[in-house]
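Have a look at the structure below before the remarks.
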Amino acid sequence: MRFTKMQGIGNDYVYVNCFEETVADPAAVARFVSDRHFGIGSDGLILIGPSGTADCRMDMYNMDGSRGVMCGNGVRCVGKYAYDHGLVPGDRRSLTVETLAGVKTIEFTVEEENGRFTARLLTVDMGEARLTSELPEPINVDGRDYSFVGISVGNPHAVYFMDSIDDLRLDRIGPSFEMHPRFQPDRVNTEFIQLVDRNHIRMRVWERGSGETWACGTGATASAAAAILMGYTEDEVEVELRGGKLRIRLDRESGHLFMTGPAVEVFRGDIDIPENL
Ligand SMILES: N[C@H](CCC[C@H](N)C(=O)O)C(=O)O
């Protein structure tokens, strides 16, 4: 199976061009390729395929093989892949990607790299955020009291505003937030936010199905929406994550949130998928 390894501020996935390849059991392949010791190493698997309603389609699978509805860092990389690999005409500076959370429109700038034009900075219309909790809602996790803001941007997020986030042992506490009864049966992506000022927040994330990742585009979008809703920030927020920074902007007229960030191709390869996955 030919693949392309790409990352959006450190949130790395294995991408497969399903215009050319067929992946019979994406959940099993996601678990196999994501393994950082016995596979390629990634936060999951993303399939880029044909669409009847957009320039292409994105299907995203977490490290544990569970299917995600939407992936912010992933859809930027899909946009870059589609442009760089000629899935759309070279004079385009925007394209559409079909996802389980609807068709997303991406605008991008193009740079010349090694004599080729390539998309590097991309802005995604992430649509509207939907509040899924009280503002905020109290919760007890492992005997400790917290409060969270529940936000859906197609996929579910629970946003916790903390005094500090660097000392959090997400490897220990993350599963308790993901598996808390309040968020079953779907589980939830959990963001821990430290406010810097009215235009900057810092974020760490424990992702449903992937654990702590170095960035989460939908999580950054949900967190900015929560911070704006709570009155903590202005309508444009820089979100600093472990792997880099994203810019989230709320357009009050449309109610849509726009996420801007980079997308990088790391390497290409070919891997034999075992029969008995
Ligand atoms: N890393 C992704 C989020 C994937 C969400 C996935 N963990 C789920 O909802 O199951 C992002 O950049 O938005």
Side-chain angles (χ1 to χ4, degrees), residues 5-15 26-27 30-31 33-34 41-48 58-81 97 99-102 104 106 121-130 132 148 150-159 170 174-175 177-180 183-193 203-226 237 239-248 257-264 266:
K5 185 76 187 311
M6 302 181 80
Q7 57 87 6
I9 55 172
N11 188 201
D12 60 333
Y13 291 91
V14 171
Y15 292 77
R31 287 188 291 269
V33 300
S34 298
S42 68
D43 289 332
L45 171 72
I46 291 186
L47 308 182
I48 304 170
M58 174 179 80
D59 284 297
M60 181 262 175
Y61 295 83
N62 292 304
M63 188 185 286
D64 70 354
S66 61
R67 190 157 185 193
V69 169
M70 175 51 193
C71 180
N73 289 314
V75 81
R76 289 200 319 278
C77 289
V78 168
K80 172 182 177 61
Y81 184 97
V97 179
T99 77
L100 290 179
K104 303 298 176 188
I106 304 176
L121 199 61
L122 303 98
T123 296
V124 184
D125 179 347
M126 298 290 282
E128 294 187 58
R130 181 168 57 86
T132 57
F148 74 95
I151 296 276
S152 171
V153 285
N155 58 3
H157 296 268
V159 182
L170 295 194
F177 284 85
E178 177 183 358
M179 304 309 291
H180 192 283
F183 305 111
Q184 301 318 309
D186 297 333
R187 300 181 290 169
V188 73
N189 297 290
T190 307
E191 287 79 23
F192 302 92
I193 302 299
M203 173 181 143
R204 288 179 66 189
V205 57
W206 179 268
E207 275 197 36
R208 167 178 69 170
S210 293
E212 180 167 20
T213 61
W214 277 41
C216 181
T218 52
T221 303
S223 300
V237 186
V239 184
E240 180 189 336
L241 305 102
R242 287 188 74 173
K245 294 176 180 176
L246 290 172
R247 194 174 75 243
I248 311 294
L257 291 143
F258 293 83
M259 168 191 64
T260 300
V264 177
V266 183

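When a ligand or atom number is given, it counts from 1 through the structure's own listing order. The residues of the chain are indexed from 1 along the displayed sequence. On a predicted model such as this, the values are computed, not experimentally measured, just so you know.
The structure places CG of L100 at 12.0 Å from SG of C71, a figure rounded to the nearest 0.5 Å. Distance CZ/F192 to CZ/F177: 4.0 Å, rounded to 0.5 Å.
Annotation: side chain to side chain donor-acceptor pair (under 3.5 Å) contacts of T218 (sequence neighbours excluded): N155, H157.
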Show me the short polar-atom pairs for ligand 1: any N or O of it lying under 3.5 Å from a protein N or O, with distances only.
residue: ligand 1; atom: 1 (N); partner: N11; partner atom: OD1; Å: 2.7
residue: ligand 1; atom: 1 (N); partner: Y13; partner atom: OH; Å: 2.9
residue: ligand 1; atom: 1 (N); partner: E207; partner atom: OE1; Å: 3.3
residue: ligand 1; atom: 1 (N); partner: E207; partner atom: OE2; Å: 2.7
residue: ligand 1; atom: 7 (N); partner: N62; partner atom: OD1; Å: 2.9
residue: ligand 1; atom: 7 (N); partner: N189; partner atom: OD1; Å: 2.9
residue: ligand 1; atom: 7 (N); partner: E207; partner atom: OE1; Å: 2.9
residue: ligand 1; atom: 7 (N); partner: R208; partner atom: O; Å: 2.9
residue: ligand 1; atom: 9 (O); partner: N155; partner atom: ND2; Å: 3.3
residue: ligand 1; atom: 9 (O); partner: N189; partner atom: ND2; Å: 2.9
residue: ligand 1; atom: 9 (O); partner: R208; partner atom: NE; Å: 3.4
residue: ligand 1; atom: 9 (O); partner: R208; partner atom: NH2; Å: 2.9
residue: ligand 1; atom: 10 (O); partner: N62; partner atom: ND2; Å: 2.9
residue: ligand 1; atom: 10 (O); partner: R208; partner atom: NE; Å: 2.8
residue: ligand 1; atom: 10 (O); partner: R208; partner atom: NH2; Å: 3.1
residue: ligand 1; atom: 12 (O); partner: N11; partner atom: OD1; Å: 3.2
residue: ligand 1; atom: 12 (O); partner: G72; partner atom: N; Å: 3.3
residue: ligand 1; atom: 12 (O); partner: N73; partner atom: N; Å: 3.0
residue: ligand 1; atom: 12 (O); partner: N73; partner atom: ND2; Å: 3.2
residue: ligand 1; atom: 12 (O); partner: G217; partner atom: N; Å: 2.7
residue: ligand 1; atom: 13 (O); partner: G72; partner atom: N; Å: 2.8
residue: ligand 1; atom: 13 (O); partner: G217; partner atom: N; Å: 3.3
residue: ligand 1; atom: 13 (O); partner: T218; partner atom: N; Å: 2.8
residue: ligand 1; atom: 13 (O); partner: T218; partner atom: OG1; Å: 2.6

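Other residues, nucleotides and ligands place more than 12 heavy atoms under 6.0 Å from the CZ atom of R242.
Within the 3.5 Å criterion, the main-chain N or O of R130 finds no donor-acceptor partner in the side chain of S152. Between the side chain of E191 and the backbone N or O of A220, no donor-acceptor pair lies under 3.5 Å.
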